[in-house]
Amino acid sequence: MSGDHGQVNSGCKDSDPHKHRDKHKDKEHRHKDHRKDKEREKVKHSNSEHKEHAEKKHRDKEKLKHSDGSADKHREKHKERRRDDKIKSSHGDKYKKEKENGYVRNTSPAAIKSEPEEDNGFCPSPPHNKTFKQEYDDEEFEHKPKKVKTEHDKKAKKRKRDYEEDEEDEDIKPKKKTKDKKGMEGKKVKKEEAEKWKWWEEERYTDGMKWRFLEHKGPVFAPPYEPLPDKVKFYYDGKPMKLSAPCEEVATFFAKMLDHEYTTKDIFRKNFFKDWRKEMTSEEKSKISDLNKCNFSEMSEYFKAQSEARKQMSKDEKLKIKEENERLLQEYGFCLMDNHKERIGNFRIEPPGLFRGRGDHPKMGMLKRRIRPQDIIINCSKDSKHPKPPPGTKWKEVRHDNKVTWLASWTENIQGSIKYIMLNPSSRIKGEKDWQKYETARRLKKCVDRLRTQYRDDWKSKEMRIRQRAVALYFIDKLALRAGNEKEEGETADTVGCCSLRVEHIKLYPKLDDQEYVVEFDFLGKDSIRYYNKIPVEKRVFKNLQLFLENKQPEDDLFDRLNTSILNKHLQELMDGLTAKVFRTYNASITLQQQLKELTCPDDSIPAKMLSYNRANRAVAILCNHQRAPPKTFEKSMQNLQTKIDEKQSQLSAARKQLKAAKADYKASHDDKSKKSVEVKRKAVQRIEEQLMKLQVQATDREENKQIALGTSKLNYLDPRISVAWCKKWGVGIEKIYNKTQREKFAWAIDMAENDYEF
DNA sequence: AGTGTCACTTAGGACCCAATGA
DNA sequence: TCATTGGGTCCTAAGTGACACT
């Protein structure tokens, strides 16, 4: 284990914190540092390999073996490096258990939370086990979406053309259309502003400009550090020690995390300590040489007490804080873009702290430094009132770039990437993009059959790269895998997507149980969430996979002839605006639509309909592998619910008994009073039955949802118009499926989708 | 084609707070 | 009235993909 991250650490050896801002340098550094001997060996190796390849090229190509070529050189090198690392780290290490909130991440297959299961009335490998063969409405392919009534005719006419016709006939991207100055911002609104602005009824910029006017007040900075009271002591080696403010601040970051398991991790501690030392005075540095001798517990206690105190605050105090937040929101939370006041998404600058990446992140524990005004680039209109930096400070730069949507940006010191302040999802600029995304997916719907036919054809290609491309595309389509860009090794956790799958991530079973040609996937995807799935594939795919695996090591790329840019270039040729991720959107949305059709029973009660909706949503979440940690209190709350159900049940039988008795009573006496009593009892039974139903539905829903997160797909993958149409069709209140924020984000869809909307 | 940069979307988890129920 | 709990919001990490440059 010790050598496991040697590479990482060597890359960070330099003690200059700003080093990390420069990715390039950093990388060079790492390359150089990386075990020189191996490096030399590698060069030799790949040279000879290269030659060999060249010689065999012709023959190989015919035979479709792994041929050639210059393109591979880089990749080979990459792989070797990986291999080297792997050898050092024990293999099992990679999926080491790491419990966080009871959720097992990176676990070994046996220990893991159940793989996507099939007991949800939906098969995880889908969507097109059926769909593939199934014909889509032919009609659907012919007509343009505009046939679907989505907007109020007059107002929307122009717009519709922009979005739907233009996009189909030409391109979605406004920038392809040059100078078509339609924006006449000045005239609009003001009046409309008071009500909700329906941006979707207006014309869109088609010249690549994102806005004409932008004014805002800049970001809100993290509050400055407040030194600890003197009574709160830090101990080194048992002795109290007063720390300088900068050093103390970083120490508090660590102290605040003490309860988290990751502060016990080697890498975390190592990274933290290294960065902490950079903040120390030379005196502190010479004293504090071992993290294990540091005692942060008083600090930790102090913070716990503080948060406890915060909870105990009086109503008044709480209200005050709330008001202050509100004031801040009002002042900084909005901007003026093209005459409309729009909500900003994240107007607060990220406070300093310790970086905690997801999964096995090599940089966990590093210090995320405080962002100052001189780190910030402001973006706004020239003719706007520029935001003022805090007194005595300056912005890094003020620019006026209306080809981008961000209001402010800064470079973060961990990965050297840029962070942005942008608008809220309810804003025009985000909404338009979102709408556009679903329109692209709908265009895919129209040609997906053709594409599928094509990639199936390509499985037979005599060119390796085409076959790989076709198989990868099949996975992306069938399994809704992400594209899988390459990432820099050692900079992030080891996760993959489709194009970056490695040999070790799949297993082939010519026969498994009663299925043929089964592929087992087991890898960590985005956010180190495990993807585990066993699916039968077509014979041809299977044979191809076998071919791709030939002569490869577990750590080699499965698709060595493919990367996302090749794939996307290909997709772009097949359909304008098509990229790998469109398949996810398309398959998610089409699955929702299908499932809703299939699951919704007209006669169901509203709760039952909601269950159907959630199940349809769930089918998508499973498809997209959107997982969550089972809530900490899951078992308990489930039990509570069960108790309630039991109670209801006994209530029900009691009520039934009473009803029976009342009936008997009535039979005997036939008087008005007993008749009334029967009615009353009958109503009671009915009411209890309903309540019981509701509870049972709730229980089912919750159980099925144990480790599936519906939010992500709802927010990012499902064409909201499908849901809106469903609500309208079945008389379900929109607020049943979308909360306030979601309704704001999807205002466009809620306004324009009728109950007959078809994705 | 390879590589780096930039902009923007997608993602899960922490945390907060209001509704709910004992 | 208090504790629980679950939804909603916030936070920010981690992806995708376009593009410029070489």
Side-chain angles (χ1 to χ4, degrees), chain A residues 22-25 27 69-75 100-101 103 105 173 175 210 260 307 310-311 318 321-322 325 345-351 353 355-359 361 363-364 368 379 401 403-406 409 411-412 414-420 422-425 429-430 433-434 437 482-488 491-493 495-500 525-529 563-569 571-572 577-582 584-585 624-629 631-634 636-637 640-641 643-644 698 702 705 707 709-713 715-717 738-742:
Chain A
D22 194 333
K23 252 186 180 170
H24 185 64
K25 256 190 228 158
K27 193 181 143 208
S70 52
D72 276 359
K73 227 161 73 183
H74 168 77
R75 213 174 295 142
E100 283 170 358
N101 307 318
Y103 177 51
R105 187 172 229 152
K173 287 164 282 181
K175 61 185 91 101
K210 303 291 170 62
H260 286 282
S307 77
R310 225 172 303 131
K311 274 183 211 152
K318 278 186 180 169
I321 294 179
K322 217 173 160 186
N325 273 332
N346 56 327
F347 59 92
R348 284 169 211 273
I349 299 282
E350 299 173 17
F355 176 80
R356 172 65 181 135
R358 320 234 167 106
H361 199 115
K363 298 193 171 181
M364 64 169 88
K368 209 171 92 164
N379 193 33
D401 182 358
K403 293 222 176 5
V404 298
T405 67
W406 51 269
S409 73
T411 301
E412 155 267 356
I414 303 286
Q415 317 276 359
S417 65
I418 308 168
K419 300 246 180 170
Y420 303 93
M422 290 182 186
L423 296 194
N424 183 280
I429 216 159
K430 294 287 184 191
K433 202 77 185 296
D434 209 35
K437 172 180 78 187
R482 296 189 184 83
N485 285 315
E486 293 112 301
K487 349 197 276 171
E488 273 194 78
E491 301 287 306
T492 58
T495 62
V496 297
C498 185
C499 294
S500 49
K526 181 176 179 180
D527 293 322
S528 291
I529 294 294
N563 59 39
T564 53
S565 108
I566 295 171
L567 180 65
N568 281 335
K569 217 167 266 167
L571 291 175
Q572 181 59 46
L578 186 61
T579 63
K581 91 193 214 358
V582 177
R584 246 167 106 82
T585 311
C624 294
N625 200 39
H626 291 142
Q627 300 188 21
R628 64 164 183 174
K632 281 171 224 148
T633 52
F634 184 82
K636 208 172 99 201
S637 80
N640 287 348
L641 198 54
T643 318
K644 270 197 221 162
Q698 205 187 341
R702 198 184 295 173
N705 231 21
Q707 47 196 206
L710 300 185
T712 304
S713 48
L715 235 46
N716 300 301
Y717 288 103
Y738 290 141
N739 66 31
K740 186 162 159 283
T741 315
Q742 295 169 155

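Here is how names work: the chains are called A, B, and so on, in the same order as the sequence lines, proteins then strands, and each is numbered from 1. Just the heavy atoms: all of them, side chains too, but no hydrogens, waters or symmetry mates, feed the values below. Source: prediction; values computed, not measured.
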Exercise for review: Would you confirm whether A:Arg628, through its side chain, and A:Asn705, through its main-chain N or O, come within 3.5 Å as a donor-acceptor pair?
Suggested key: yes

Review point. In terms of the nearest nucleotide of DNA chain C, which residue is placed more toward the 5' end: A:Ser637 or A:Asn568?
Key: A:Ser637

**Study point:** Closest to the A:Ala580 side chain, choosing from C:dG17, B:dC8, B:dA7
**Key:** C:dG17

Review point. In terms of the nearest nucleotide of DNA chain B, which residue is placed more toward the 5' end: A:Lys210 or A:Ser565?
Key: A:Ser565

Revision key, fill the gap. Among the nucleotides B:dC8, C:dT12, C:dG6, whichever has the atom closest to the side chain of A:Arg702 is C:dG6

Check your understanding: To the side chain of A:Ile529, which of C:dA18, B:dC6, B:dG12 is closest?
Key -> B:dG12

Review point. With distance as the sole criterion, do the side chain of A:Lys433 and the base of B:dT9 form a donor-acceptor contact below 3.5 Å?
Key: no

Practice item. Using a heavy-atom cut-off of under 4.0 Å over every strand shown, decide if A:Thr495 touches base, sugar-phosphate, or nothing. Key: sugar-phosphate

Check your understanding: Does A:Asn739 make a side-chain N or O approach to OP1 or OP2 of C:dG8 shorter than 4.0 Å?
Key -> yes

Practice item. Could you check how far CZ of A:Arg358 sits from P of C:dT12, rounded to whole Å? Key: 11 Å

Review point. Rounding to a whole Å, what distance do you find between A:Asn716:CG and B:dT9:P?
Key: 10 Å

Review point. How would you label the contact of A:Lys311 with the nucleic acid (heavy atoms, under 4.0 Å): base, sugar-phosphate, or nothing?
Key: nothing

Check your understanding: Under 4.0 Å: is that the gap between some side-chain N or O of A:Thr741 and OP1 or OP2 of C:dT9?
Key -> yes

Practice item. Look at A:Arg584 and C:dG15 and indicate whether a side-chain polar atom (N or O) is within less than 4.0 Å of OP1 or OP2. Key: no

Practice item. Could you pick out which residue, A:Arg482 or A:Met422, lies toward the 5' side of DNA chain B when each is mapped onto its nearest nucleotide? Key: A:Met422

Review point. A:Gly484 near the nucleic acid: base, sugar-phosphate alone, or nothing, with a heavy-atom cut-off under 4.0 Å?
Key: sugar-phosphate

Point to revise | Gap between atoms NZ and P, on A:Lys437 and B:dT9 respectively (whole Å) | key: 8 Å

Revision key, fill the gap. Rounded to whole Å, CZ of A:Arg310 lies from C1' of B:dC15 at a distance of 11 Å

Review point. Counting just side-chain N and O atoms, does A:Thr712 come under 4.0 Å of either OP1 or OP2 of B:dA11?
Key: no

Revision key, fill the gap. Here the gap from A:Thr405 atom OG1 to A:Leu423 atom CG, rounded to the nearest 0.5 Å, amounts to 7.0 Å

Check your understanding: Hey, does the side chain of A:His361 come within less than 4.0 Å of C:dA13's phosphate (OP1/OP2), counting only N and O?
Key -> no

Practice item. Verify the contact: side-chain N or O of A:Lys581 to OP1 or OP2 of B:dT9, cut-off strictly under 4.0 Å; return yes or no. Key: no

Review point. When the C1' atoms of the five terminal pairs at each end define the local axes, what inter-axis angle does the helix from B:dA1-C:dT22 to B:dA22-C:dT1 show, to 10 degrees?
Key: 10°

Exercise for review: Would you kindly give the NE2-to-C1' distance between A:His626 and B:dG12, to the nearest whole Å?
Suggested key: 10 Å

Point to revise | Euclidean distance, atom CD of residue A:Gln627 to atom P of B:dG13 [Å, nearest integer] | key: 9 Å

Review point. If you check every side-chain atom of A:Val404, which of B:dA18, B:dC8, C:dT16 has the closest atom?
Key: B:dC8

Practice item. Name the closest nucleotide to the A:Arg628 side chain, picking from B:dG13, C:dT9, C:dT12. Key: B:dG13

Practice item. Decide yes or no on side chain to side chain donor-acceptor pair (under 3.5 Å) for A:Arg702 and A:Ser637, but give the supporting numbers first. Key: CA-CA 10 Å; A:Arg702 198 184 295 173; A:Ser637 80; 3.2 Å; yes

Review point. Within the structure shown, what part of the strands sits under 4.0 Å from A:Lys368 by heavy-atom distance: base, sugar-phosphate, or nothing?
Key: sugar-phosphate

Exercise for review: Working to the nearest 0.5 Å, report the span between CG of A:Asn716 and CZ of A:Arg584.
Suggested key: 9.5 Å

Exercise for review: May I ask you to evaluate whether A:Lys526 reaches the phosphate of C:dT16, defined as a side-chain N or O under 4.0 Å from OP1 or OP2?
Suggested key: no

Point to revise | Side chain of A:Asp527 (C-beta onward), nearest among B:dA11, C:dG17, B:dA7 | key: B:dA11

Practice item. Find the distance between CG (A:Leu641) and NZ (A:Lys644) and round it off to the nearest 0.5 Å. Key: 6.0 Å

Practice item. State whether A:Lys368 and A:Glu412 are salt-bridged, where the test is any N-O pair (Lys NZ or Arg NE/NH1/NH2 against Asp/Glu carboxylate O) under 4.0 Å. Key: no

Exercise for review: Output the distance between atom CG (A:Asn346) and atom CH2 (A:Trp406), rounded to the nearest 0.5 Å.
Suggested key: 13.0 Å

Practice item. Indicate, with a heavy-atom threshold strictly under 4.0 Å, whether A:Lys740 touches base, sugar-phosphate, or nothing. Key: nothing

Point to revise | Value rounded to 0.5 Å, distance of OG1 in A:Thr712 from NE2 in A:His626 | key: 5.0 Å

Practice item. Give the C-alpha distance, both sets of side-chain angles, the deciding distance and a yes or no for side chain to side chain donor-acceptor pair (under 3.5 Å) between A:Asn568 and A:Thr579. Key: CA-CA 5 Å; A:Asn568 281 335; A:Thr579 63; 4.8 Å; no

Practice item. State which of C:dG17, B:dG13, B:dT9 makes the closest approach to the side chain of A:Asn485. Key: C:dG17

Practice item. Under 4.0 Å between any heavy atoms, over every strand shown, what does A:Phe355 touch: base, sugar-phosphate, or nothing? Just pick one. Key: sugar-phosphate

Practice item. Measure from the side chain of A:Tyr420, starting at C-beta and using heavy atoms only, and say which of B:dC8, C:dG6, B:dA11 lies closest. Key: B:dC8

**Study point:** Value in whole Å for how far the P atom of B:dT3 lies from CD of A:Glu486
**Key:** 9 Å

Practice item. Measure from the side chain of A:Lys569, starting at C-beta and using heavy atoms only, and say which of B:dA1, B:dC8, C:dG15 lies closest. Key: B:dA1

Review point. If only side-chain N and O atoms of A:Lys430 are considered, is one of them under 4.0 Å from the OP1 or OP2 phosphate oxygen of B:dT9?
Key: yes

Check your understanding: Are any of A:Thr405's side-chain N or O atoms less than 4.0 Å away from OP1 or OP2 of B:dC8?
Key -> yes

Exercise for review: For A:Pro351, answer base if it contacts any base atom (sugar-phosphate contacts may also be present), sugar-phosphate if it contacts only those atoms, and nothing otherwise; contact means non-hydrogen atoms under 4.0 Å.
Suggested key: sugar-phosphate

Review point. Roughly how many Å is it from CD in A:Glu488 to P in B:dT5, rounded to a whole number?
Key: 9 Å

Check your understanding: side chain to side chain donor-acceptor pair (under 3.5 Å) between A:Lys487 and A:Thr495: does it pass, once the steps are laid out?
Key -> CA-CA 9 Å; A:Lys487 349 197 276 171; A:Thr495 62; 2.7 Å; yes

